[in-house]
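Read through the structure below, which is laid out as structure tokens, and then see the notes.
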Amino acid sequence: MFAFTAMAMLMTPQVAAQEQPVEPYKVDPANAGATPFAGEGMARAFGGQDGIRRIVDHFVTANFADRRIGEIFTNQDQVRLRRVLFEQFCYILNAGCTYTGRDMRTAHKDMGVQQGDMNRLVENLQAAMAAEHVPFAAQNRFLAKLAPMRRDVVER
Amino acid sequence: MTAPLRIRIAATAGVLCIATSAGAQQLAEPGKLLLTNGIGSIEGAAGGGLTPWAVIAGNATRDGIGVQASATVAEFKDYDFQVAGISVGAWDRVELSYARQRFDTNWVGGALGLGNDYKFDQDIWGAKVKLAGDLVYGSEWMPAIAAGLQYKKSLDAPIVRAVGAQQSEGADLYVSATKLFLRWSLLANVTLRATKANQNGLLGFGGDKRDARTVHPEGSLAYQVSRRFAVGGEFRSKPDNLGIAREDDWFDAFAAYALNRNLTATVAYADLGSVATVKDQRGVLFQLQGSF
Ligand code: HEM
């Protein structure tokens, strides 16, 4: 077992640090699935790009480690997810980024996400935002941007 | 006790602990977000305290079946009031509920010739169907919409008839629209109820003044302070069918706290106005609600 793991590590030394290629798609900030906030208030409430990056890292780590939804994330490209999710949050919060990822329907196609999974993901995000001391009202304002995306994420 | 036995007991206890905590974790699987199944309304349906919401009881999502139970005690100036309710919510779509209400008249019972501490009791069977929309997700302006029915049966038929009620049982029909407006952290509910219940049925149905259902608006507004904590207010307009006992609209202000996924505590200050000939019935209501 150990030998196998060691060998696998030798054979793919950069596996954890490099993004895997995805099917080609048209890059468009509209893929983020929501229009950005106006003004700088929300970006400030989230601690600017540094705060957003810590929130996304915390959030992604929690999702991969999650007892219920972790399974859905296993074997997905964590490096890419951290990058594009940061872009998406930063773009929507008007903190000075553009979004280069896929649209929500394509990104979550055939993933079999259930409503309970979505709620758990929201709870993980709430925990990540709370850890950065984002005021609750601002957390909810951000969730208001994400809530309509449910139809592209959850299988009916 | 011999040492090996003691060890064995300790080990068994340890295993039991692990087993129960694993079981509790299973039960604690996320379903709905905290507070989004409402509390138990006084008629058993999930909602606010005074009015049903377009939410389905229990923690289950559209992929499961959940249960919710609540116990409510209230003390008003001259009366006491208790409710025990249980409801089952299936697939975040259908809800069936039962509640037993008990209204203790204390000294007023004596004054009305019923005897001190005379108690009015009522059974309420409810059904609710969510027709469209969602409380939290989907379009920002599209509320969850539900329709429901509450069949109520007074257990004091001779008395409520003597008071002037035309029937001792009856059915309320309602539609509710409820939305959590995340951008303001504000939950709003509007319910329209067709009813001829006197004091929600405790004093029977219909009266000398009128014996037909009329439509009455009810509403709730709640501000979500945190994931666990919400404060708000409610009102409920009511018919006034009985000549001898004027009836007023109801109001309350409440604070609800989700201790965890399974337990929500609510306190409210309620103003019922005039009840069974005695005015100014204000008081405090406390509820513990469990949901799975
Ligand atoms: C509104 C809620 C959600 C938002 C805003 C969101 C956002 C994103 C974004 C931006 C991506 C990357 C797209 C890309 O690679 O170009 C992504 C991918 C992914 N999401 Fe979500 N997501 C949401 C809900 C969920 C839920 C509920 C789950 C599962 C529990 C989930 C699981 C995943 C997984 C596993 C990936 C990786 C897909 C892949 O690499 O092919 N997401 N999501």
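Quick note on labels: first sequence line is chain A, next is B, and so on, each numbered from 1.
- For B:R62 against A:E155, the heavy-atom pair with the smallest separation is NH1-O, 4.0 Å.
- The part of B:Y223 that comes within reach of chain A is its side chain, from C-beta onward, which places non-hydrogen atoms under 4.5 angstrom from that chain.
- Nearest heavy atoms, A:A144 versus B:L182: CB-CB, 3.6 Å.
- For the ring pair (Phe, Tyr, Trp, His ring centres under 6.0 Å) condition, the pairs that include at least one residue of residues 32-51 of chain A, sequence neighbours left out, are A:F46-A:F142.
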Hey, mind stepping through B:V136 and A:R150 against side chain to side chain contact (heavy atoms under 4.5 Å, CB included) and telling me if it holds? CA-CA 10 Å; B:V136 181; A:R150 191 231 351 223; over 6 Å; no

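- A:N140 and B:Q224 are linked by a side-chain donor-acceptor pair at a separation below 3.5 angstrom, with hydrogens and angles left out of the test.
- The side-chain heavy atoms of A:Q139 and B:R227, taken from C-beta on, include no pair separated by under 4.5 Å.
- Note: B:L34 CG to A:Q126 CD = 8.0 Å, rounded to the nearest 0.5 Å.
- Salt bridge annotation for B:E140-A:K145: absent, with no cationic side-chain nitrogen under 4.0 angstrom from a carboxylate oxygen.
- Neither the backbone nor the side chain of A:M149 has a heavy atom closer than 4.5 Å to any heavy atom of chain B.
- Residue B:S185 comes nearest to A:A137 through the heavy atom pair OG-CA, 3.8 Å, listed as atom of the first residue, atom of the second, then distance.
- A:Q114 touches chain B through backbone and side chain together, each having a heavy atom under 4.5 Å away.
- Among residue pairs with one or both ends in residues 100-138 of chain A, none qualify as ring pair (Phe, Tyr, Trp, His ring centres under 6.0 Å); sequence neighbours excluded.
- The closest side-chain heavy-atom distance from B:Y137 to A:N119 is below 4.5 Å.
- The 12-atom threshold is not exceeded at CG of A:N75, counting heavy atoms of other residues, nucleotides or ligands nearer than 6.0 Å.
- Most heavy-atom pairs under 4.5 Å with chain B: of the set A:P148, A:A138, A:P135, this distinction falls to A:P148.
- In this structure, B:D63 and A:Q115 approach most closely via the heavy-atom pair OD2-N, 3.7 Å.
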